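For reference, the structure discussed in these notes is given below.
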Amino acid sequence: MTDSPSATTSDSPAHLPIPVYFAAEQVAEPQFGSPSASKPRDVVARWHERRRPIVLRRPRPVTPDELARAHDPGYVEAILALREDNGFGNRSASVAASLPWTSGAMLSAARHALATRAVACAPCSGFHHAHWDGAAGFCTFNGLMVTALALLSEGAVRRVGILDCDQHYGDGTEDIIARTGVRDIVRHVTAGRDYPRQAGRFLEALPGIVRGFGGCDVVLYQAGADPHVDDPLGGFLDDAQLARRDAIVFAEARAAALPIAWNLAGGYQEPLARVLDIHDRTMVACAGAWR
């Protein structure tokens, strides 16, 4: 695996295989209540098993300073030193060690999408409930905002879009946007708030929502699995509607020449195979848009 983007040019007719930023260090021991700590390994294995057109690239972990752009520096230090509870409500050394890699995967994928003017994936979750100075809802560090603020501070972009299609409101993302004063340069749409249990209205509005990110240099897309009708914490899109959601996002992004970096979010069904099937369909939709 490598962390350097491919040499694909912006006018290239195809961008396959899909780059997936994954390292074993992203994987933590399973945690009670959510599969997200160990899910990166499982979903990558599923994609390999089903021969999806992916290529693994090794991300660069973010530094404590990069985390501290989106979080209180004291909070960052306390989490990494195991002095404060993580998003799972414990002080697992395994989880703490994985956190720079999960945010790093998101940032690496976004950099790749920017460099190639195409798409890249970070197969991790546990971001949008993490606030400026606190963990919640299985989220410890907000990799979406870590990524957005890194790109903005480096001058790599002028505007970032966050399309959050998890079932639940990205309250942590909103908190960090407010705390860091980037409301005018980070566009955040969270479907869990704006379209609760309104499948038809949501899918009808989605093409326009994606086109609304047209002023952004890159879009960070949370392809949540928990809006599925059978998810114990979600419940308004069936298999076909979830597949349609992803197909719309990727097709509209490509049509608008919007670089897009996507990650996995939510998904609490048992057995885990049901969640992996949803994430697999997202990869199928991604590959289909960039075929």
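Remember, predicted model here, so these are calculated numbers, not experimental data. Side chains are part of it too, since the values below use all heavy atoms of this structure and drop only hydrogens, waters and symmetry mates.
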No-hydrogen, no-angle side-chain donor-acceptor test under 3.5 Å, [X] and [Y]:
X	Y	result
D226	H168	yes
S34	S36	yes
R69	S153	yes
T173	N142	yes
H128	D171	no

Plane angle bin for Y268 and F138 - parallel if under 30°, tilted between 30 and 60°, otherwise perpendicular
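Because their plane-to-plane angle lies in the 30° to 60° range, the rings of F138 and Y268 count as tilted.
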
Is any side-chain heavy atom of [X] closer than 4.5 Å to a side-chain heavy atom of [Y]?
X	Y	value
V189	D164	no
Q222	L144	yes
M106	V146	no
D85	N90	no
L80	V76	yes
D166	P227	no
L163	L220	no

If you count heavy atoms of other groups shown closer than 6.0 angstrom to [atom1] of [X], is the number above 12?
X	atom1	value
R244	CZ	no
R158	CZ	no
E270	CD	no

Exercise: identify the closest heavy-atom pair between [X] and [Y]:
X	Y	value
W290	R254	CA-NH1, 3.4 Å
L272	P35	CD1-CB, 3.7 Å
A135	T140	CB-CA, 4.0 Å
H112	A120	CB-CB, 4.0 Å
P123	V43	CB-CG1, 3.8 Å
C216	G161	SG-N, 3.6 Å

Please confirm whether the backbone N or O of [Y] pairs with a side-chain atom of [X], one donor and one acceptor, at under 3.5 Å?
X	Y	answer
N263	A122	no
R245	C165	yes
E77	G74	no
D246	A285	no

Interatomic distance, F127 atom CZ to C139 atom SG [nearest 0.5 angstrom]:
8.5 Å

NZ or CZ of R187 within 45° of F213 ring axis and under 6.0 Å
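Because its charged atom sits under 6.0 Å from the ring centre and within 45° of the axis, R187 does stack over F213.
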
Does the pair S125 and K39 meet the rule for a side-chain contact (heavy atoms from CB on, under 4.5 Å), with working shown?
CA-CA 8 Å; S125 55; K39 188 168 65 174; 3.9 Å; yes

Can you hop from V275 to V284 via hydrophobic side chains spaced under 4.5 Å?
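Unlinked, V275 and V284 end up in two clusters.
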
Should W47 and C121 be marked as a side-chain contact (heavy atoms from CB on, under 4.5 Å) after you check the CA-CA gap, both sets of side-chain angles, and the distance that decides it?
CA-CA 12 Å; W47 290 335; C121 172; 3.8 Å; yes

Got a salt bridge between [X] and [Y], using NZ or NE/NH1/NH2 to carboxylate O under 4.0 Å?
X	Y	value
D230	R274	no
R179	D175	yes
E252	R211	yes

Just one of S98, S38, P59 clears the side-chain contact (heavy atoms from CB on, under 4.5 Å) bar with Q26, so which one?
P59

Which residue, H71, H131, H129, forms the ring pair (Phe, Tyr, Trp, His ring centres under 6.0 Å) with F141?
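So the option named by the test is H71.
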
Would you please indicate yes or no on a ring centroid separation below 6.0 angstrom for F250 and W262?
yes

Could you please spell out the steps behind the side-chain contact (heavy atoms from CB on, under 4.5 Å) verdict for R50 and L276?
CA-CA 11 Å; R50 296 190 176 175; L276 300 181; over 6 Å; no

